[in-house]
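Computed over heavy atoms, backbone and side chain alike; hydrogens, waters and symmetry mates excluded.
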Amino acid sequence: MSFPENIPNRWPLPPPEPPAPAEPPLLSWPADAAAEPAPVRRAWAGHLFRRYERPPLPRGWRYALHLGLFLLTLACTVLAGVQLVRSGPVELLPLDVFSLPAAERWRQLGWGLLYAGPFLGVLAVHEFGHYFTARYNKVRTTLPIFLPVPLGLGTFGAVIRVKDRIFSRREFFDIGLAGPLAGLLVAVPLLIYAFTHLPDQAEYLLVTTRSLGRYPAPEFTLAQPLLYRWLETAFADPHRLPPPNLLLRYPLLVAGELSLFFTALNLLPIGQLDGGHILYGLLGPRRAGRLSALLFVAFIFYAGLGIFSLRSGWQTWLYGGVPYALYLGLVCWRLLPRASWGLAVGALIWGGQIAVATAWPGTMGQPGWLLFGLLLGRLSGIYHPAAPDDRALSPGRQVLGWIMVGLFILCFSPAPLLAVSY
């Protein structure tokens, strides 16, 4: 560019603005997208699915946050392991362990660490399976975020946050499947090691854990899914197996069994859980959506079964009826295209539960699942989002997907906690 002579050339003029990028072609969704070249498909998807987010934290702060949450989760889980060994997951974390004599304090913290280390290790492998598969597919994601909780098991697990739109059905499937598969590849050897290294029962219960006699015996035990029982039969010495009422005092077994439980929880074929990604990859949006909704209704039906019946006292109806009606309204509100249809489904669920509990007294579901159902119905969603590239999976991926469905059945326990009968 030339400048006029009477204007001193001391400050260059700003460079011309670059031409505006061409708009991506208008493609119908999703049939025409699969026929276009990959760069065009991604440009179109990026134009269609923009995300507006807060500026990310500086890298150092992000790493400090992830590390801090992990260390806090580790501390909570170690203390939760101490409580599990003592009396089961019925109280807050046992901070009184730090006031014990040194030898006993380190002995109990050692039991807690024997539970927390393998358990968090499986959770970490699970989440890094998602992470590395997402990065391989050029999908940005956060590092695993561990979720501490000061009671129960010490943690709600771990999650990763996907920061990009996932473009294809195959990518959803691969990322969803990688976590549970990686976790099982660690959880199964962990249980095999625990079964093959069981201590002598008399020595362990009468000598090693003798100091636990002053604590109340556990009131709950863990249900044993099919995979756990198969591994127990194949690798454990029957004479060294703990009695069911004292299973919680074997922290390595508890860590392995809870690893199977958390894997099965993620493999529930509903919404955007890992199992929902796998189901979407196998069946596509229409069939996966219908099956996901049907399974969600069955899940809520089972969870609330037995709470109300025609034989329930007036106190149950007076204090529980309105909250439970509001709960069913919340979880079913978005189940169908019209809110009134969803509320009608909620009413049918409640009516069916009352009918079953009245016809078969004593029938009981698992009310603890109601909270998880609320998270599914209101936060993560019941239906899986559709991807622009909806091409079917390869035969190999389909076989692997159905294998994971079978593993879900082997790892899942409808009632994970069982009351101990003495």
Side-chain angles (χ1 to χ4, degrees), residues 30-31 33-34 41 45 122-123 125-139 141 144 157-160 162 164-189 225-228 230-231 259-299 372 376 380-414:
R41 296 201 308 268
V122 173
L123 294 181
V125 170
H126 178 118
E127 295 304 325
F128 274 111
H130 292 311
Y131 175 82
F132 287 116
T133 306
R135 296 300 296 267
Y136 176 80
N137 286 280
K138 297 181 173 57
V139 175
T141 181
V159 297
I160 62 169
V162 175
D164 282 335
R165 174 72 184 186
I166 298 179
F167 180 77
S168 71
R169 182 168 155 186
R170 192 269 307 165
E171 290 172 343
F172 267 122
F173 177 85
D174 287 357
I175 295 171
L177 179 137
L181 182 60
L184 281 174
L185 290 177
V186 178
V188 171
L226 290 175
L227 183 56
Y228 180 96
W230 289 357
L231 294 175
S259 298
L260 296 185
F261 168 71
F262 270 74
T263 300
L265 196 64
N266 280 281
L267 281 174
L268 275 171
I270 298 174
Q272 296 193 63
L273 297 175
D274 297 341
H277 295 324
I278 295 171
L279 187 70
Y280 170 73
L282 289 172
L283 302 180
R286 184 181 298 273
R287 289 187 295 169
R290 291 174 178 173
L291 185 55
S292 178
L294 181 62
L295 291 172
F296 177 77
V297 169
F299 184 81
F372 191 66
L376 289 176
S380 68
I382 302 169
Y383 297 100
H384 195 284
D389 184 355
D390 192 40
R391 286 176 291 182
L393 301 176
S394 64
R397 283 186 169 87
Q398 293 183 29
V399 171
L400 186 57
W402 289 115
I403 289 175
M404 292 303 294
V405 172
L407 288 173
F408 160 71
I409 296 172
L410 295 179
C411 295
F412 185 69
S413 297

Per-pair distances, 0.1 Å, donor-acceptor, side chain in residues 261-268, under 3.5 Å, sequence neighbours excluded:
residue: Thr263; atom: OG1; partner: Ser259; partner atom: O; Å: 2.8
residue: Asn266; atom: ND2; partner: Phe262; partner atom: O; Å: 2.8

Which donor-acceptor pairs under 3.5 Å do the side chains of residues 278-290 make with protein atoms, sequence neighbours left out?
residue: Tyr280; atom: OH; partner: Ala387; partner atom: N; Å: 2.9
residue: Tyr280; atom: OH; partner: Asp390; partner atom: OD1; Å: 3.4
residue: Arg287; atom: NE; partner: Leu283; partner atom: O; Å: 3.4

Would you be so kind as to tabulate the donor-acceptor pairs closer than 3.5 Å made by side chains of residues 394-410, with sequence neighbours excluded?
residue: Ser394; atom: OG; partner: Arg397; partner atom: N; Å: 3.4
residue: Arg397; atom: NE; partner: Asp174; partner atom: OD1; Å: 2.8
residue: Arg397; atom: NE; partner: Asp174; partner atom: OD2; Å: 3.4
residue: Arg397; atom: NH2; partner: Asp174; partner atom: OD2; Å: 3.0
residue: Gln398; atom: NE2; partner: Leu393; partner atom: O; Å: 2.9

Exercise for review: List the steps and the verdict of side chain to side chain contact (heavy atoms under 4.5 Å, CB included) for Leu376 and Ile382.
Suggested key: CA-CA 6 Å; Leu376 289 176; Ile382 302 169; 5.5 Å; no
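In this structure, the side chains of His130 and Val162 stay at 4.5 Å or more apart for every pair of heavy atoms. Under the 4.5 Å side-chain criterion, counting only non-hydrogen atoms from C-beta, Pro144 is not in contact with His126. The side-chain heavy atoms of Leu291 and Pro269, taken from C-beta on, include no pair separated by under 4.5 Å. The closest side-chain heavy-atom distance from Leu184 to Val122 is not below 4.5 Å. Ser168 places none of its side-chain heavy atoms less than 4.5 Å from the side chain of Arg391.
When all heavy atoms are compared, the tightest approach of Ala187 to Leu260 is CB-CD2, 4.2 Å.
In this structure, Ile175 CD1 and Arg135 CZ are separated by 11.5 Å, a value rounded to the nearest 0.5 Å. In this structure, NE2 on His384 lies 4.5 Å from NE2 on His277, to the nearest 0.5 angstrom. With values rounded to the nearest 0.5 angstrom, Ser292 atom OG is found 5.5 Å from Ile270 atom CD1. Asn137 CG to Ile166 CD1: the interatomic distance, rounded to the nearest 0.5 Å, is 8.5 Å. Here the CG-CZ distance, from Asp389 to Arg170, works out to 8.5 Å after rounding to the nearest 0.5 Å.
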